[in-house]
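Each remark here refers to the structure printed beneath this line.
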Amino acid sequence: MIAFFVALAIVVGVVEITVIIQVGQLIGFLNTVGLLLLVSLLGAWLVKRQGLGVMARIREQRSAGRIPATEAFDGALSLVAGVLLVIPGFVTDALGLLLLLPPIRAVVRRFVSRRVLREVEMVRSKQWTRAEPRPRQYVPPENRPPPPPTPLPPASPPDR
């Protein structure tokens with residue numbers, strides 16, 4: 001799993017550098033740096049705004065006595081969006097901005113929840129299944145074995 005994330009970081013880094021170079025050749029170095037900074041600042045503001053909205057919805061759900069699962073997941077996706085927006089690069093910024101859109105978050109939420117539920121079912125079916133208990137047969141009292149003898153308490157030392 002760690003190897004996957006290392007490979008992903010390398011691939012994302014190479015793609016980001018390639019895109020930054022291409023954009024820099026089109027609009028110039030300073031404009032590219034300015035655009036990256038502008039998108040990061042705008043993204044940070046949007047994430048803050050979305051996060052405050054999510055927190056308000058969580059409070060609302062809790063005061064109504066409901067579990068705010070959807071709102072908590074939206075908060076986690078907003079946090080991921082914020083991380084993607086802070087990472088310098090146009091591709092991660094685009095993904096972060098997409099995650100801030102509620103319809104995109106709903107699609108991601110459905111995809112992840114189905115995947116997690118499938119994994120939970122797989123684990124449950126592998127680890128939590130029990131063999132059927134053997135049916136108990138009635139044994140009449142006269143055919144039952146005698147109970148084991150009760151052990152005697154340890155002897156106390158003799159008095160002197």
Side-chain angles (χ1 to χ4, degrees), residues 1-138 148 151:
M1 189 68 158
I2 293 175
F4 170 75
F5 285 114
V6 169
L8 181 67
I10 291 170
V11 169
V12 168
V14 168
V15 169
E16 288 290 5
I17 290 170
T18 304
V19 171
I20 289 172
I21 290 172
Q22 295 296 319
V23 171
Q25 288 176 349
L26 286 175
I27 65 172
F29 174 75
L30 289 179
N31 289 337
T32 302
V33 171
L35 187 59
L36 285 170
L37 288 173
L38 178 67
V39 171
S40 291
L41 291 174
L42 177 68
W45 178 75
L46 284 171
V47 167
K48 178 182 176 185
R49 198 165 152 242
Q50 291 273 329
L52 291 173
V54 167
M55 291 303 293
R57 290 195 310 271
I58 287 174
R59 278 192 295 274
E60 190 178 285
Q61 291 290 323
R62 287 185 63 203
S63 66
R66 293 188 292 265
I67 298 173
T70 301
E71 290 75 14
F73 195 77
D74 280 351
L77 286 178
S78 295
L79 182 65
V80 169
V83 169
L84 288 172
L85 286 166
V86 169
I87 296 172
F90 294 110
V91 177
T92 53
D93 287 346
L95 291 174
L97 288 173
L98 282 175
L99 274 179
L100 290 178
L101 299 173
I104 301 296
R105 278 200 314 258
V107 169
V108 171
R109 186 181 335 112
R110 277 194 302 271
F111 173 77
V112 170
S113 64
R114 284 184 190 146
R115 185 135 174 128
V116 167
L117 287 176
R118 192 174 348 150
E119 291 293 323
V120 167
E121 287 296 322
M122 196 180 317
V123 168
R124 186 184 303 158
S125 68
K126 287 181 182 177
Q127 294 180 353
W128 296 97
T129 55
R130 294 183 180 173
E132 288 292 319
R134 287 186 275 156
R136 300 182 109 193
Q137 295 179 350
Y138 176 74

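Excluded from the calculations below are hydrogen atoms, water molecules and symmetry mates; all remaining heavy atoms, backbone and side chain alike, are included. Just so we're clear, the structure is a prediction, and the values are computed from it rather than from any experiment.
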Report yes if the side chains of [X] and [Y] come closer than 4.5 Å at any heavy-atom pair, otherwise no.
| X | Y | answer |
| --- | --- | --- |
| R105 | Q50 | yes |
| L100 | L85 | yes |
| I20 | L36 | yes |
| V54 | R57 | yes |
| V91 | V12 | no |
| R62 | I58 | yes |

Do you know the tightest heavy-atom contact between [X] and [Y]?
| X | Y | result |
| --- | --- | --- |
| L84 | D93 | O-OD1, 3.5 Å |
| A81 | G96 | CB-O, 3.4 Å |
| F90 | E16 | N-OE1, 2.9 Å |

*Out of N31, T32, V33, which one pairs with F29 under the side-chain contact (heavy atoms from CB on, under 4.5 Å) rule?*
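When N31, T32, V33 are each tested with F29, the side-chain contact (heavy atoms from CB on, under 4.5 Å) holds only for V33.
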
*To the nearest 0.5 Å, how far apart are CD1 in I17 and CD1 in I21?*
7.0 Å

*Nearest 0.5 Å please: distance from the CG atom of L99 over to the OG1 atom of T92.*
11.5 Å

*Has the side chain of E71 got a donor or acceptor atom that lies under 3.5 Å from a matching backbone atom of Q61?*
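Not at all, since once roles are kept as given, no pair shorter than 3.5 Å links the two residues.
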
_Looking at I67, I'd like to know if its CD1 atom is crowded, meaning that more than 12 non-hydrogen atoms belonging to other residues, nucleotides or ligands lie closer than 6.0 Å._
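Counting neighbours around CD1 of I67, 12 or fewer heavy atoms of other residues, nucleotides or ligands fall under 6.0 Å, so no.
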
